[in-house]
There are 2 protein chains.
Amino acid sequence: MDQLIEAIQRTQNPSIIGLDPTDALVPEPLLKAFVQEAAENVDDPAEVAPAARAMAYYQFNCAIIDAIADIVPAVKPQIAMYEALGPTGIDVYTMTCEYAHDQGLYVLGDIKRGDIGSTAMAYAQHISQPTDDDVWHEDAITVNPYLGSDGIEPFVEAAAATHKDVFALVRTSNPSSSQIQGLKLADGSQVYERVADLVSDWGADHIGTHGYSLLGAVVGATHAEQGAALRERMPHTFFLVPGYGAQGGTAAMVRGMFDRNGSGAIVNSSRGVIGAWQKAIAHADHSPDGAGMSVQQALELVSTNARQAAITMRDDLRAVMP
Amino acid sequence: MDQLIEAIQRTQNPSIIGLDPTDALVPEPLLKAFVQEAAENVDDPAEVAPAARAMAYYQFNCAIIDAIADIVPAVKPQIAMYEALGPTGIDVYTMTCEYAHDQGLYVLGDIKRGDIGSTAMAYAQHISQPTDDDVWHEDAITVNPYLGSDGIEPFVEAAAATHKDVFALVRTSNPSSSQIQGLKLADGSQVYERVADLVSDWGADHIGTHGYSLLGAVVGATHAEQGAALRERMPHTFFLVPGYGAQGGTAAMVRGMFDRNGSGAIVNSSRGVIGAWQKAIAHADHSPDGAGMSVQQALELVSTNARQAAITMRDDLRAVMP
């Protein structure tokens with residue numbers, strides 16, 4: 001986790017930007033721009049539309065990365081948004097990771113994989129490969145703990161070998177997260193607390209220079225009190241905190257997830273930053289999806305507003321930091 | 001679930017074959033056969049080795065599919081084994097699904113995805129697409145329930161629209177599965193039992209002609225008694241039962257997971273079938289990885305032994321069926 005912590009220190013910014021493009025978040029001129037190019041490059045007609053959208057997503061991502069690379073430490077591409085387009089989307093996911101990595105950003109692949117040991121070993125290839133041969137270009141990934149230790153150990157071992165990181169789901173930000181995570185156990189604790197203890201144990205042999213394990217935890221911004229309690233419960237576990245902004249989390253709600261030195265957590269915003277252009281356009285003369293603009297105009301609109309939103313978020317978080 | 005149940009009835013065979021190729025399971029002559037072709041087709045030198053392996057995996061899969069398509073109802077490609085190769089592996093995953101589907105097999109994509117609602121909607125594209133535009137070619141997928149209902153509903157809705165199926169993890173087959181799934185709750189039950197009840201509820205509005213919901217459950221063969229109890233507890237939930245064979249599950253252990261009519265479950269074997277050639281070769285004059293054989297010889301060895309192992313498994317299961 002040292003690399004991430006040092007990037008946060010360098011930028012004085014504990015935020016991570018989710019690169020989660022969808023057709024609704026990418027301006028319409030950009031979505032339309034690559035249809036011809038896709039038709040020339042793809043043999044299967046069924047793949048033209050996904051390929052054109054994937055190319056649009058990539059341009060969109062690059063514009064955002066360029067706009068924020070000097071002020072944020074990290075980005076978190078959500079692989080589902082790319083996987084939704086099929087194999088061509090996965091290509092663009094890896095291209096996005098590589099581009100962000102090349103701009104000096106820490107790349108946290110939000111993949112939430114998890115399976116039995118032999119299968120987890122295969123998924124661990126996401127973070128197992130030496131830089132020169134790497135096809136994924138992720139510095140860290142998220143994983144799901146439901147299968148227990150033998151589904152997590154292969155990721156921890158891979159991360160230890162390559163100096164990368166892993167974040168296991170503990171308490172997620174979504175409305176129905178308590179249905180399983182909040183079940184009351186015989187000893188009075190809740191399921192997510194026991195998962196927190198397991199995650200602490202699984203990462204205990206791999207504490208870095210700054211006091212945090214390479215195995216972090218996902219703790220949703222929407223659970224302010226539980227997050228603060230988890231901060232005490234797992235002092236060597238770094239938190240990835242999703243749910244700020246569009247999902248309802250605020251800076252005040254995430255305050256307790258940082259440690260006394262203002263370290264220990266990084267807060268994610270996706271739509272609030274990459275979709276900021278849509279709020280701006282509501283005050284302008286353009287249609288809500290950007291139709292009628294040139295591709296260049298659309299990219300500038302996206303960039304300018306993403307940077308502004310990232311600065312606002314950074315300052316919002318700085319204001320509550322210890 | 002009707003389509004799967006009818007395929008099982010047609011073949012009189014409640015088994016599903018896991019297409020989980022690895023470098024250790026694919027004969028060496030096949031792994032080496034595509035290096036030149038990959039070098040011609042891939043721009044990035046780092047991708048030559050993964051592309052060559054992916055092509056070998058595809059030939060291996062096709063040989064197995066051809067060998068078993070008339071005697072088994074379904075196959076279960078494990079996406080992790082393909083994802084381990086990067087984007088080129090994902091291509092071959094979809095090609096494998098398409099080839100199996102074209103041979104009349106029900107294709108259960110073992111992807112174990114799971115995330116918050118908006119992200120689950122993106123993952124649900126695996127099973128959302130009309131046949132003509134489909135890039136994935138899966139008839140069903142597996143999902144992880146740790147995030148609760150809003151991470152599952154998008155999959156259920158997609159499956160209802162396309163007449164496909166979803167299988168949620170309930171009780172997995174791996175050694176550490178009890179660490180979370182087996183936690184004792186305040187009411188005396190265990191976590192997996194509550195998950196079972198949730199999965200029953202989530203699928204209750206989508207019961208098919210044969211009495212089973214489109215939302216099935218993954219219940220490991222290694223938990224014989226718990227599996228039999230779950231069969232009673234969730235009478236409208238079809239079971240995918242992994243863990244037979246290499247992981248230690250036997251026909252006697254899975255018997256209780258079928259209903260009184262011999263329906264209600266399908267049992268998976270992966271290594272036991274696709275790696276059957278390795279046991280055969282131990283008695284022959286070849287080296288254990290098949291080195292020295294021609295590609296044609298290797299494919300024949302794989303096919304013959306996969307078919308024989310699939311027949312043995314079928315007969316083993318038939319012998320314990322009610």
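Predicted model, so just to flag it, every value in this text is computed and none were measured. Quick note on labels: first sequence line is chain A, next is B, and so on, each numbered from 1.
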Heavy-atom pair count under 4.5 Å with chain B, highest-scoring of Ile116(A), Asp150(A), Asp91(A): Asp150(A)
Heavy-atom contacts under 4.5 Å, residues 180-190 of chain B to chain A: Ile180(B), Gln181(B), Leu183(B), Lys184(B), Leu185(B), Ala186(B)
Contact winner vs chain A - Pro87(B), Ala120(B), Ser178(B), heavy-atom pairs under 4.5 Å: Pro87(B)
Polar side-chain atom of Ser269(B) near backbone of Ile17(B) as donor-acceptor pair, under 3.5 Å: no
Ser118(A), part contacting chain B, at a heavy-atom distance under 4.5 Å: both
Parallel, tilted or perpendicular, as decided by the 30° and 60° cut-offs, for the rings of Tyr82(B) and Tyr57(B): perpendicular
Contacting region of Val218(B) [heavy-atom separation from chain A under 4.5 Å]: neither
Most chain A-contacting option - heavy-atom pairs closer than 4.5 Å, from Asp134(B), Asp110(B), Leu169(B): Leu169(B)
Proximal component of Ser149(A), with respect to chain B [non-hydrogen, under 4.5 Å]: both
Met121(A) atom CE, over 12 foreign heavy atoms within 6.0 Å: no
Intermediate values then yes/no, side chain to side chain contact (heavy atoms under 4.5 Å, CB included), Lys112(B) and Gln78(B): CA-CA 9 Å; Lys112(B) 295 192 178 67; Gln78(B) 166 53 260; 4.0 Å; yes
Audit row: His223(B), Met253(B), side chain to side chain contact (heavy atoms under 4.5 Å, CB included) steps and yes/no: CA-CA 8 Å; His223(B) 307 290; Met253(B) 289 164 76; over 6 Å; no
Donor-acceptor contact below 3.5 Å, side chain Gln278(A) vs main chain Ala24(A): yes
Chain A contact via Ile152(B) - which portion, at a heavy-atom distance below 4.5 Å: neither
Between CG on residue Asn268(A) and OH on residue Tyr244(A), distance to nearest 0.5 Å: 11.0 Å
Under 4.5 Å from any heavy atom of chain A - which part of Thr88(B): neither
Electrostatic pair Asp20(A)-Arg271(A), nearest N-O below 4.0 angstrom: no
Ring geometry between Tyr146(B) and Tyr146(A) (parallel below 30°, tilted from 30 to 60°, perpendicular above 60°): tilted
Asn144(A) portion near chain B, given a 4.5 angstrom heavy-atom threshold: side chain
Region of Thr94(B) in contact with chain A, defined by heavy-atom distances below 4.5 Å: side chain
Side chain, backbone, both or neither of Pro145(A) within contact of chain B (heavy atoms, under 4.5 Å): both
Pairwise distance CD(Glu193(A)) to CZ(Arg233(A)) - rounded to 0.5 angstrom: 4.5 Å
Interface residue of largest heavy-atom contact number with chain A, from Gly114(B), Ser177(B), Pro242(B), Pro175(B), under 4.5 Å: Pro175(B)
Segment of Glu83(B) engaging chain A (4.5 angstrom heavy-atom cut-off): both
Stepwise side chain to side chain contact (heavy atoms under 4.5 Å, CB included) test for Lys76(A) and Phe167(A): CA-CA 12 Å; Lys76(A) 181 175 77 65; Phe167(A) 290 85; over 6 Å; no
Chain A contact via Thr172(B) - side chain, backbone, both or neither, heavy atoms under 4.5 Å: side chain
Rounded distance [0.5 Å steps], CG in Asn174(B) versus CD in Gln179(B): 9.0 Å
Top of Ser128(A), Ser176(A), Ala84(A) for chain B proximity - count of heavy-atom pairs under 4.5 angstrom: Ser176(A)
Backbone N/O of Thr222(A) and side chain of Ser173(A): donor-acceptor pair under 3.5 Å: no
Results of salt bridge (charged side-chain N to carboxylate O under 4.0 Å, His left out) for Glu138(B) - residues two or more places apart only: none
Heavy-atom pair count under 4.5 Å with chain B, highest-scoring of Asp133(A), Asp115(A), Ile90(A): Asp115(A)
